[in-house]
Amino acid sequence: MEYHTERLILRQWKQSDLEPFAALNANPEVMRYFPKIRTREESDEMVKTIEQRIAENGWGFWAVEEKRSGAFIGFVGLNIPGYKLPFSPVIEIGWRLDNAFWGKGYAPEAAHKALEIGFEQFAMKEIVAFTALENIPSQRVMEKIGMQRGEEFDHPLLDEGHPLRRHIVYRIANLK
């Protein structure tokens, strides 16, 4: 299962993705709006969970490869959060790209494809995205892909007083 955009491939994960994904998850700049960086073990475990969800659902957080270079650049895709949110149950769209690939329009390009897959192939009714309130770059991507700003909420996995606790949700509905 592979999906193509003009410049990217959304695909299954490969063993060779583990090392660059671990480096991405250990990069403080990439993980700036997450509670913590991840260890290699945590990163590898995340990939196992992602692969399992793709196997179960037929969709998930796909590895993203740059066509021109063949480089693994991160992930983009769809997910059911593994914890209760104020607006659960939902399907979310998410992305995490290595900062060497920021500013090229790759996140919206791949996210458009993920929305297309969710709505056209899997007949999803609504897809949400959420991020820390101060994560303006991700909010820009959400707006570029046609999502509408929704309500603010406190992330249930972050303690009161945590600087990233306040989040914002964006939504997009399948109009077909």
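Along the sequence shown, residues are numbered consecutively beginning with 1. Both backbone and side-chain heavy atoms feed into the values below; hydrogens, waters and symmetry mates do not. Note that this is a predicted model, so its numbers are computed, not measured.
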Practice item. Evaluate whether atom CD of Gln121 has more than 12 neighbouring non-hydrogen atoms of other residues, nucleotides or ligands under 6.0 angstrom away. Key: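 Check passes, neighbour count above 12.
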Check your understanding: Should the heavy atoms of other residues, nucleotides or ligands under 6.0 Å from NZ of Lys125 be counted, would the total exceed 12?
Key ->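 Not buried by this count: 12 neighbours or fewer within 6.0 Å.
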Point to revise | Set of residues satisfying side-chain hydrogen bond (donor to acceptor under 3.5 Å, both in side chains) with respect to Asn57, sequence neighbours excluded | key: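 In terms of side-chain hydrogen bond (donor to acceptor under 3.5 Å, both in side chains), with neighbours along the sequence ignored, Asn57 is linked to no residue.
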Exercise for review: Would you please name every residue forming a side-chain hydrogen bond (donor to acceptor under 3.5 Å, both in side chains) with Arg149, sequence neighbours left out?
Suggested key: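 Arg149: side-chain hydrogen bond (donor to acceptor under 3.5 Å, both in side chains) contacts with Gln139, Tyr170.
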Between [X] and [Y], does at least one N-O distance fall below 4.0 Å, as a salt bridge requires?
| X | Y | result |
| --- | --- | --- |
| Asp159 | Arg165 | no |
| Arg140 | Glu143 | no |
| Arg7 | Glu66 | no |

Report yes if the side chains of [X] and [Y] come closer than 4.5 Å at any heavy-atom pair, otherwise no.
| X | Y | value |
| --- | --- | --- |
| Met142 | Thr131 | yes |
| Ile9 | Val64 | no |
| Ile168 | Asn135 | no |
| Trp102 | Ile73 | no |
| Pro156 | Leu85 | yes |
| Glu92 | Ile80 | no |
| Leu8 | Lys67 | no |
| Glu51 | Ile54 | no |

Between [X] and [Y], is there a shared hydrophobic cluster once you connect ILVMFWY residues whose side-chain heavy atoms come closer than 4.5 Å?
| X | Y | answer |
| --- | --- | --- |
| Ile136 | Met31 | no |
| Ile37 | Trp95 | yes |
| Leu133 | Leu158 | no |
| Leu24 | Val47 | yes |
| Phe75 | Val30 | yes |

**Study point:** His167 and Phe130 aromatic ring geometry - parallel, tilted or perpendicular at 30°/60° bounds
**Key:**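 Because their plane-to-plane angle lies in the 30° to 60° range, the rings of Phe130 and His167 count as tilted.
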Practice item. Hey, can you tell me if Tyr83 and His155 have their rings parallel, tilted or perpendicular (30° and 60° cut-offs)? Key: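 Rings of Tyr83 and His155: tilted, as their planes differ by 30° to 60°.
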Exercise for review: Examine Trp62 together with Tyr3 and report whether their ring centres are nearer than 6.0 Å.
Suggested key: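 Judged by ring-centre distance (under 6.0 Å), Trp62 and Tyr3 do meet the cut-off.
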Interatomic spacing from [atom1] in [X] to [atom2] in [Y] - rounded to 0.5 Å:
| X | Y | atom1 | atom2 | value |
| --- | --- | --- | --- | --- |
| Arg96 | Asn99 | CZ | CG | 12.5 Å |
| Leu157 | Lys84 | CG | NZ | 12.5 Å |
| Lys48 | Met46 | NZ | CE | 14.0 Å |
| Ile93 | Lys113 | CD1 | NZ | 12.5 Å |
| Ile127 | Phe122 | CD1 | CZ | 11.0 Å |
| Arg53 | Leu78 | CZ | CG | 12.5 Å |

Is a side-chain donor-acceptor pair under 3.5 Å present for [Y] with [X]?
| X | Y | result |
| --- | --- | --- |
| Arg40 | Asn25 | no |
| Gln52 | Thr49 | no |
| Asp98 | Asn27 | no |
| His4 | Glu2 | yes |

So which heavy atom on [X] is nearest to which on [Y], and how close?
| X | Y | value |
| --- | --- | --- |
| Ala114 | Gly77 | CB-CA, 4.1 Å |
| Phe21 | Ser43 | CD2-OG, 3.2 Å |
| Lys144 | Pro108 | CD-CG, 4.0 Å |
| Pro35 | Leu164 | N-CD1, 4.0 Å |

Point to revise | Within 45° cone of Phe87 ring axis and under 6.0 Å: Arg171 NZ or CZ | key: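 Pair Arg171/Phe87 counts as cation-pi.
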Review point. Does Phe72 have Arg11 sitting over its ring (NZ/CZ under 6.0 Å from centre, angle to axis within 45°)?
Key: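 Ring-cation test returns no.
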Verify, without hydrogens or angle tests, whether [X] (side chain) and [Y] (backbone) share a donor-acceptor contact under 3.5 angstrom.
| X | Y | answer |
| --- | --- | --- |
| Trp13 | Phe61 | yes |
| Asn174 | Met124 | yes |
| Ser88 | Val90 | no |
| Glu120 | Ile117 | no |

Practice item. Begin from the C-alpha positions of Ile172 and Val128 and carry the test side-chain contact (heavy atoms from CB on, under 4.5 Å) through to its verdict. Key: CA-CA 6 Å; Ile172 189 167; Val128 304; over 6 Å; no
Check your understanding: So Ile145 and Leu115, side-chain contact (heavy atoms from CB on, under 4.5 Å) or not? Walk me through it.
Key -> CA-CA 9 Å; Ile145 63 174; Leu115 289 175; 3.9 Å; yes
